[in-house]
Trainee: 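Here it is, the structure, as structure tokens.
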Amino acid sequence: MKIISSIKELRDQLRGQRGIVFVPTMGNIHEGHLSLIRLAGQHGERVVVSIFVNQLQFGPGEDFVKYPRTLDRDIEKLQQENVYMLFAPTEQDMYPSPQEYQIYPPHDLCYTLEGKFRTRFFCGVSTVVMKLISCVQPRIMVFGKKDYQQLIIVRQMCEQFALPVEVCAAETIRDADGLALSSRNTYLTPSERSEAPTLFRILQHIRSTVLTTGHRDFTKIELSAFQTLIERGWQPDYIAIRKRANLRLPQLHKEHEPLIVLIAAQLGKTRLIDNLEI
């Protein structure tokens with residue numbers, strides 16, 4: 001596995017190569033990331049992984065400084081997988097001057113759900129992904145469904161800019177008790193880790209309610225789940241049933257429309273997100 005930090009060297013190494021499959025990450029590699037990399041390997045032999053904690057997507061008071069950075073351990077894990085190249089730039093490599101040109105997704109997608117609580121997030125994500133695409137020039141990029149809103153925004157950005165890259169979605173990887181794998185799970189105390197799977201159980205209950213009862217009063221379902229989390233000591237930000245295709249509000253008369261329920265809540269000092277397709 002080649003390890004590269006400079007954009008110039010990255011481009012020199014990849015020049016003329018076709019069929020590059022790209023997995024962008026912020027590091028602290030866990031089994032969820034490895035599942036993305038293994039899926040990438042099914043689409044091509046030249047798998048490029050990036051590790052970069054992107055300051056642009058962190059707002060004031062968020063965990064940019066304490067976000068887990070485990071590069072040496074990450075390299076050991078990646079060397080055991082079908083990874084052709086690791087691109088691990090520094091802040092100076094990625095942003096040698098202030099990144100004044102930035103990508104702003106549509107307001108109705110950027111500032112709802114996650115964007116309502118993390119107002120800089122999707123602008124920062126879109127900007128760094130656009131820059132990484134320019135550097136790597138992949139044929140395929142792999143993103144996980146766990147960050148579903150991010151997946152939709154990146155996919156739409158690539159379509160609207162006619163970028164020659166296909167965005168491939170990978171299923172969420174979970175622990176045995178249902179908790180979605182995340183780098184931020186390491187922030188949880190032992191008691192919080194025991195409580196954390198409640199998030200997935202609530203998603204399952206909501207999906208079951210919609211599918212088995214045909215109940216279409218989604219606001220009532222959401223409020224009931226919201227109250228359940230509060231009673232268990234969580235601080236929920238949102239629980240929302242949306243259209244899977246574009247995260248807009250569902251039309252109540254369309255009973256067979258593909259839906260997704262998304263959730264974000266804080267447990268202690270740790271904010272967790274998850275979703276489940278309906």
Trainee: Indicate yes or no: at least one non-hydrogen side-chain atom of Asp63 is less than 4.5 angstrom from one of Arg184.
Mentor: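 A side-chain contact exists here, since the closest heavy-atom pair is under 4.5 Å.
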Trainee: Consider only side-chain heavy atoms of I, L, V, M, F, W and Y, link residues closer than 4.5 Å, and tell whether Ile20 and Phe52 are in one cluster.
Mentor: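 Ile20 and Phe52: one cluster.
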Trainee: Rounded to the nearest 0.5 Å, what's the gap from OH on Tyr101 to CE on Met130? Could you check?
Mentor: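 Output value for this atom pair is 14.5 Å.
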Trainee: Grab the two heavy atoms, one from Ser6 and one from Asp93, that are nearest each other, plus how far apart they are.
Mentor: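 Looks like CA-OD1, 4.2 Å.
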Trainee: Gln137 vs Gln17, test: side chain to side chain contact (heavy atoms under 4.5 Å, CB included). Steps then yes/no.
Mentor: CA-CA 10 Å; Gln137 298 186 22; Gln17 299 197 33; over 6 Å; no
Trainee: Return yes if some donor-acceptor pair links the side-chain N/O of Asn82 with the main-chain N/O of Val47 below 3.5 Å, else return no.
Mentor: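 A pair under 3.5 Å: no.
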Trainee: Would you call Asp74 and Ile51 a side-chain contact if the rule is heavy atoms closer than 4.5 Å?
Mentor: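 Contact flag for Asp74/Ile51 side chains = yes.
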Trainee: I'd like to know if the side chain of Arg46 reaches the main chain of Pro138, judged simply by a donor and an acceptor atom lying under 3.5 Å from each other, with no hydrogens or angles considered.
Mentor: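 Looks like no, no N/O pair under 3.5 Å.
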Trainee: For Glu257, does its backbone N or O pair with a side-chain atom of Lys243 as donor and acceptor, under 3.5 Å?
Mentor: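 A pair under 3.5 Å: no.
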Trainee: Considering non-hydrogen atoms only, spot the tightest contact between Arg11 and Ser134 and give its length.
Mentor: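 Taking Arg11 first and Ser134 second, the nearest heavy atoms are NH2-OG, 3.2 Å.
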Trainee: For the residue pair Gln102 and Cys123, what are the closest heavy atoms and their distance?
Mentor: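 Residues Gln102 and Cys123, closest heavy atoms: OE1-SG, 3.2 Å.
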Trainee: Does His30 reach the side chain of Ser183, with side-chain heavy atoms less than 4.5 Å apart?
Mentor: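 His30 vs Ser183: side chains touch.
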Trainee: Is there a path of hydrophobic side-chain contacts, each under 4.5 Å between heavy atoms of I, L, V, M, F, W or Y residues, that connects Val210 with Leu247?
Mentor: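 Per the 4.5 Å side-chain linkage, Val210 and Leu247 are not co-clustered.
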Trainee: Locate the shortest heavy-atom distance separating Cys110 from Phe122; write the atom from each residue and the value.
Mentor: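 Nearest pair, atom of Cys110 first, then Phe122: O-CD1, 3.5 Å.
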Trainee: Can you confirm whether Leu34 sits close enough to Ile29 that some side-chain heavy atom of one is under 4.5 Å from a side-chain heavy atom of the other?
Mentor: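 Side-chain contact under 4.5 Å: yes.
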Trainee: Side-chain polar contacts of residues 159-173 - donor-acceptor pairs under 3.5 angstrom, sequence neighbours left out - could you list them?
Mentor:
from: Glu171; atom 1: OE2; to: Lys145; atom 2: NZ; distance (Å): 2.8
from: Thr172; atom 1: OG1; to: Lys146; atom 2: N; distance (Å): 3.2

Trainee: So, Thr70 side chain and Arg73 main chain: donor-acceptor pair closer than 3.5 Å or not?
Mentor: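 Pair absent, no side-chain N/O of Thr70 close to backbone of Arg73.
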Trainee: I need the Ile206 CD1 to Ile221 CD1 distance, nearest 0.5 Å.
Mentor: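 Here the rounded value is 7.5 Å.
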Trainee: Using modelled atom types and a 3.5 Å cut-off, is there a donor and acceptor pairing between side-chain atoms of His43 and backbone atoms of Ala40?
Mentor: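 Judged by distance alone, no pair lies under 3.5 Å.
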Trainee: Judged by atom type as modelled, is there a donor-acceptor pair below 3.5 Å linking the side chain of Tyr148 to the main-chain atoms of Val261?
Mentor: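 Pair absent, no side-chain N/O of Tyr148 close to backbone of Val261.
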Trainee: Nearest 0.5 Å please: distance from the OH atom of Tyr84 over to the CG atom of Leu14.
Mentor: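 Here the rounded value is 6.5 Å.
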Trainee: Please report the interatomic distance CG(Leu276) to CD1(Ile241), rounded to the nearest 0.5 Å.
Mentor: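 That separation rounds to 11.0 Å.
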Trainee: Treat each ILVMFWY residue as a node, draw an edge where side-chain heavy atoms are under 4.5 Å apart, and state whether Leu132 and Ile153 are in one component.
Mentor: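 Yes; Ile153 is reachable from Leu132 via cluster members.
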Trainee: Are side-chain heavy atoms of Gln99 and Val128 found at a separation under 4.5 Å?
Mentor: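 A side-chain contact is absent here, since even the closest heavy-atom pair is not under 4.5 Å.
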Trainee: I'd like to know if Val142 and Met1 are part of one continuous hydrophobic network [Ile/Leu/Val/Met/Phe/Trp/Tyr, side-chain heavy atoms within less than 4.5 Å].
Mentor: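 Cluster IDs for Met1 and Val142 match.
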Trainee: Kindly say whether Gln150 contributes a backbone atom to a donor-acceptor pair with the side chain of Asp147 at under 3.5 angstrom?
Mentor: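 No: the side chain of Asp147 does not pair with the backbone of Gln150.
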Trainee: Starting from Phe64 and following side-chain heavy-atom contacts under 4.5 Å between hydrophobic residues (I, L, V, M, F, W, Y), which residues can be reached?
Mentor: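 In the cluster with Phe64 are Met26, Val53, Phe58, Val65, Tyr67, Tyr187.
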Trainee: When you look at Glu222 and Arg242, which way does the salt bridge (charged side-chain N to carboxylate O under 4.0 Å, His left out) test go after all the steps?
Mentor: CA-CA 11 Å; Glu222 293 163 357; Arg242 297 293 177 93; 5.7 Å; no
Trainee: Determine whether a donor-acceptor pair (N or O, by modelled atom type, separation under 3.5 Å) exists between the side chain of Ser126 and the backbone of Tyr104.
Mentor: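 Side chain of Ser126 to backbone of Tyr104: no pair is present.
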Trainee: Please name the pair of heavy atoms, one in Arg244 and one in Ile260, separated by the smallest distance, quoted to 0.1 Å.
Mentor: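 Between these two residues, the closest heavy atoms are CA-CG2, 4.0 Å.
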Trainee: Answer yes or no: is there a side-chain heavy-atom contact under 4.5 Å between Arg193 and Asp177?
Mentor: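 Yes - at least one pair of side-chain heavy atoms lies under 4.5 Å apart.
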Trainee: How far apart are the closest heavy atoms of Ser5 and Phe87, and which atoms are they?
Mentor: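 Where Ser5 meets Phe87 most closely, the heavy atoms are O-CE1, 3.3 Å.
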Trainee: Do Ile273 and Leu262 have side chains that get closer than 4.5 Å, going by heavy atoms?
Mentor: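 No. Closest side-chain heavy atoms not under 4.5 Å.
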Trainee: Does the Ser208 side chain pair with the main chain of Gln204, one donor and one acceptor, at a distance under 3.5 Å?
Mentor: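 Checking the backbone N and O of Gln204 against the side chain of Ser208, no donor-acceptor pair under 3.5 Å is found.
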Trainee: Going through the distances and angles, do Leu272 and Ile263 end up as a side chain to side chain contact (heavy atoms under 4.5 Å, CB included)?
Mentor: CA-CA 8 Å; Leu272 301 176; Ile263 193 167; over 6 Å; no
Trainee: Answer yes or no: is there an ion pair linking Arg38 with Glu31, defined by an N-O contact shorter than 4.0 Å?
Mentor: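 Looking at Arg38 and Glu31, the cut-off is met.
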Trainee: Could you walk me through whether Leu109 and Ile152 pass the side chain to side chain contact (heavy atoms under 4.5 Å, CB included) test, one step at a time?
Mentor: CA-CA 9 Å; Leu109 191 55; Ile152 295 297; 4.0 Å; yes
Trainee: Check for a donor-acceptor pair, side chain of Ser35 on one end and backbone N or O of Gly32 on the other, with a separation under 3.5 Å.
Mentor: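 Answer holds: yes.
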Trainee: If Ile, Leu, Val, Met, Phe, Trp and Tyr residues are connected whenever their side-chain heavy atoms lie under 4.5 Å apart, and connections chain through other members, are Leu86 and Met94 in the same group?
Mentor: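 Each belongs to a different hydrophobic cluster.
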Trainee: If you measure from CD1 on Ile103 to NZ on Lys131, what distance do you get to the nearest 0.5 Å?
Mentor: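 Taking CD1 in Ile103 and NZ in Lys131, the distance rounds to 11.5 Å.
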Trainee: Go through it in stages, so that I can follow the logic: the residues are Lys116 and Asp237, the test is side chain to side chain contact (heavy atoms under 4.5 Å, CB included), and I'd like the CA-CA distance, side-chain angles, deciding distance and then a yes or no.
Mentor: CA-CA 9 Å; Lys116 180 179 179 181; Asp237 286 338; over 6 Å; no
Trainee: Report yes if the side chains of Val49 and Glu81 come closer than 4.5 Å at any heavy-atom pair, otherwise no.
Mentor: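 Side-chain contact under 4.5 Å: no.
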Trainee: Could you tell me the separation between the CE atom of Met85 and the CD atom of Glu9, rounded to the nearest 0.5 Å?
Mentor: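 If we round to the nearest 0.5 Å, Met85:CE and Glu9:CD are 8.0 Å apart.
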Trainee: For the salt bridge (charged side-chain N to carboxylate O under 4.0 Å, His left out) test, which of Lys269, Arg271, Arg118 pairs with Glu62?
Mentor: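 Among Lys269, Arg271, Arg118, the one that satisfies the salt bridge (charged side-chain N to carboxylate O under 4.0 Å, His left out) with Glu62 is Arg118.
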